[in-house]
There are 2 protein chains.
Amino acid sequence: MAGAKRATLKDVAAASGVSRATVSFVLNDTPNQSISQATRARILAVVRDLGYKPHGIARALREGTSRIVVLYIDSGLEGNYSRSYLRGLDEELAAHDHVLVVRHGPTGAGAEQQLRDAINPRAVVHFAEAYRTGHELEDRGGGRRDGLAAHTMLQIGCLAAHGHTRIALALPDAQAPLREIRELFSRQAAGELGLPSPVTVVVPRPRDAGTAAVAEFRGGHPAVTAFAGYDDDVALRTLTALHDLGVDVPGEAAVMGFDDTEYGALFTPALTTVHIDAEAHGRIAARDVLGLPTADLQAVPARVIERHTV
Amino acid sequence: MAGAKRATLKDVAAASGVSRATVSFVLNDTPNQSISQATRARILAVVRDLGYKPHGIARALREGTSRIVVLYIDSGLEGNYSRSYLRGLDEELAAHDHVLVVRHGPTGAGAEQQLRDAINPRAVVHFAEAYRTGHELEDRGGGRRDGLAAHTMLQIGCLAAHGHTRIALALPDAQAPLREIRELFSRQAAGELGLPSPVTVVVPRPRDAGTAAVAEFRGGHPAVTAFAGYDDDVALRTLTALHDLGVDVPGEAAVMGFDDTEYGALFTPALTTVHIDAEAHGRIAARDVLGLPTADLQAVPARVIERHTV
DNA sequence: CTGAAAGCGCTTACAG
DNA sequence: CTGAAAGCGCTTACAG
């Protein structure tokens with residue numbers, strides 16, 4: 001049992017007194033094969049005794065793809081969205097006998113191809129693609145129910161509920177991947193609330209650059225009283241800039257985060273933000289790439305975490 | 001070229017008018033095979049024309065393991081250590097024709113086995129193992145030159161240089177994986193500096209629990225004037241607790257982080273910390289698991305980033 | 001200098 | 001109800 005060479009299908013067949021095909025049939029529940037309960041039970045017992053596990057590589061060669069799915073993720077793992085998404089994706093894949101593996105950083109086409117050549121993954125998922133584009137969730141009604149549009153509405157809505165009408169969307173940089181969609185959804189949300197369209201401000205790193213950017217922005221847009229962060233990071237940078245400028249938050253200006261990180265709670269004043277549980281999004285992504293139905297999966301609604309910056 | 005079925009070794013052999021073995025020999029630079037320059041060139045040209053790439057799965061079946069190495073990582077990716085380590089590991093592996101793949105979260109033995117069965121990785125690396133245990137780096141003299149011992153010394157040394165003699169080591173929780181080794185190295189560092197051994201304080205989440213813990217600790221240890229954080233996160237929590245307690249930093253107490261995150265710079269006062277570039281550690285880990293020599297790899301020394309909490 | 005053959009561990013028509 | 005055979009795409013003794 002210990003240390004021994006790993007058991008192979010042939011071993012199981014030999015020990016059960018049947019052919020390898022038969023073993024394979026019972027292990028895979030192949031339809032239209034009538035194998036007696038007795039043999040079936042005997043084989044299963046041998047499988048257990050020998051600790052037989054199918055050899056993934058051999059299976060992959062035969063089937064054309066391995067039971068691996070790879071997740072490409074470019075952003076960090078600070079926010080709750082990414083963590084819960086990862087958990088959902090991982091668990092759902094595992095439940096369907098697949099294993100998740102992740103690649104970080106920008107996806108060079110070369111690296112992606114290299115990985116494809118190396119393990120023939122069953123599928124590839126790009127982090128939060130459906131959420132980020134809004135498209136797929138939109139098609140299922142999820143965009144406005146539990147997708148980016150809904151979450152943006154939560155953010156803008158919270159600001160509006162506190163009396164703010166001139167809102168700025170704080171962006172990490174001009175090339176932020178979701179910039180356009182976030183601007184769109186923010187505009188729609190403001191529109192529905194009868195507010196003017198949010199303007200946009202880039203709050204870069206490092207600290208003093210962010211402060212300079214916010215100072216300049218405020219000079220040009222004196223009517224703006226609230227900042228809706230693209231994510232918690234940008235919101236925190238904005239909050240810091242405002243602090244460095246001597247602007248009282250929330251007295252003179254409000255700041256709201258997006259996608260709860262652990263750091264927001266630690267700032268003073270602590271960051272008000274929207275908390276998103278994306279486990280269902282991860283599960284849906286898993287089902288999608290496996291070609292399974294997703295109708296029974298329901299995301300839990302996001303919620304505003306009221307702290308002290310609005 | 002586009003859309004066609006992927007080229008196979010057989011295709012290359014046929015197009016070059018040689019056997020598959022010959023193609024394999026030239027592609028793998030198999031020693032002790034004398035193949036004429038002419039055939040070699042011809043084969044290489046065909047390989048290029050056909051866009052032939054070895055089929056990783058087939059190769060893995062034949063060779064026994066795939067050219068994948070998996071990194072298990074439990075902690076987040078917030079700090080500079082993990083990011084630079086990941087980069088070094090990834091690049092070094094790629095340079096040796098392997099591909100890195102990562103698994104997040106606690107390593108269930110089951111999940112690890114499942115992945116092993118699925119892709120027969122060439123090797124498995126556990127995040128920063130050599131660094132964290134200190135053992136391997138120590139053996140090569142690296143522990144004190146560019147390992148955890150050296151970095152701990154940097155942290156304690158900075159505090160000492162600012163006149164602090166009673167230092168507390170702030171831990172995220174009592175079960176922190178590196179707790180013992182960090183305590184050991186901190187004690188050694190203090191000893192070398194002629195300081196008493198640091199005491200230990202756990203600063204938990206959430207914010208108010210952290211504050212309560214720090215308040216209680218200060219009650220019991222009034223002589224302590226400096227907190228050395230296990231990492232930036234804990235340091236930030238400690239800093240926040242001190243703020244909530246009305247303790248002036250750095251006037252009444254100093255706080256020092258460990259492993260620079262982006263958030264430290266955003267706090268007020270901004271966190272003094274030690275910045276570690278672990279790219280070489282990642283490269284060394286890659287070489288180690290591949291059985292390659294590492295003597296030429298030299299870590300860049302860590303450095304203290306002086307901000308405003310010491 | 002090069003090729004025919006075996007074999008890595010599976011799955012799945014096909015034949016009884 | 002079950003088995004013998006082919007084949008997924010490679011690599012590597014082995015034989016010329």
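Quick caveat, the model's predicted, so the values are computed rather than measured. Lettering of chains follows the sequences in order, A, B, ..., and the numbering in each one begins at 1.
- Between A:H126 and A:Y72, the ring-plane angle classifies as parallel under the 30° and 60° cut-offs.
- If you measure from atom CG of A:N28 to atom C1' of C:dG9, you get 13 Å, rounded to the nearest angstrom.
- For D:dT12, neither phosphate oxygen OP1 nor OP2 lies less than 4.0 angstrom from any side-chain nitrogen or oxygen of B:T30.
- With DNA chain C read from its 5' end, the first of the two nearest nucleotides for B:F25 and B:E63 is the one closest to B:F25.
- The distance from atom CZ of B:R59 to atom C1' of C:dG7 is 17 Å, rounded to the nearest whole Å.
- Rounded to a whole Å, the CD1 atom of A:I43 is 12 Å from the C1' atom of D:dC1.
- Following rounding to the nearest Å, B:I57 (CD1) and C:dC10 (P) show an atom-to-atom distance of 14 Å.
- Remark: P of D:dG9 and CG of A:N120 are 10 Å apart, rounded to the nearest angstrom.
- As the counterpart of C:dG16, D:dC1 is assigned, both hydrogen-bonding distances of the Watson-Crick or G-U wobble pattern falling under 3.5 Å.
- Across the protein-nucleic acid pair, B:L61 atom CG and D:dT12 atom P stand 13 Å apart, rounded to whole Å.
- Summary of the strand contacts: A:K53 and B:I35 both lie near DNA chain C, and taking for each the nucleotide with the nearest heavy atom, the more 5' one is attributed to B:I35.
- Separating the CD atom in A:E262 from the CD atom in B:E78 is a distance of 7.5 Å, to the nearest 0.5 Å.
- There is a side-chain donor-acceptor pair under 3.5 Å between A:H104 and B:H104.
- As a whole-Å value, the separation of A:D117 CG from D:dG9 P is 13 Å.
- Ring centers of B:F258 and B:Y230: at least 6.0 Å apart, outside the cut-off.
- When atom types are taken as modelled, the side chain of B:R87 and the backbone of A:G105 share no donor-acceptor pair closer than 3.5 angstrom.
- Contact check of residues 10-23 of chain A against DNA chain D (heavy atom, cut-off under 4.0 Å) returns A:G17, A:V18, A:S19, A:R20, A:A21, A:T22.
- Residues A:H55 and B:N120 bring a donor and an acceptor atom of their side chains to less than 3.5 Å of each other.
- The aromatic ring centroids of B:H281 and B:Y131 lie less than 6.0 Å from each other.
- The distance from atom CZ of A:R62 to atom C1' of C:dC8 is 15 Å, rounded to the nearest whole Å.
- Distances shown here put every side-chain N or O of A:S24 at or beyond 4.0 Å from the OP1 or OP2 atom of C:dC10.
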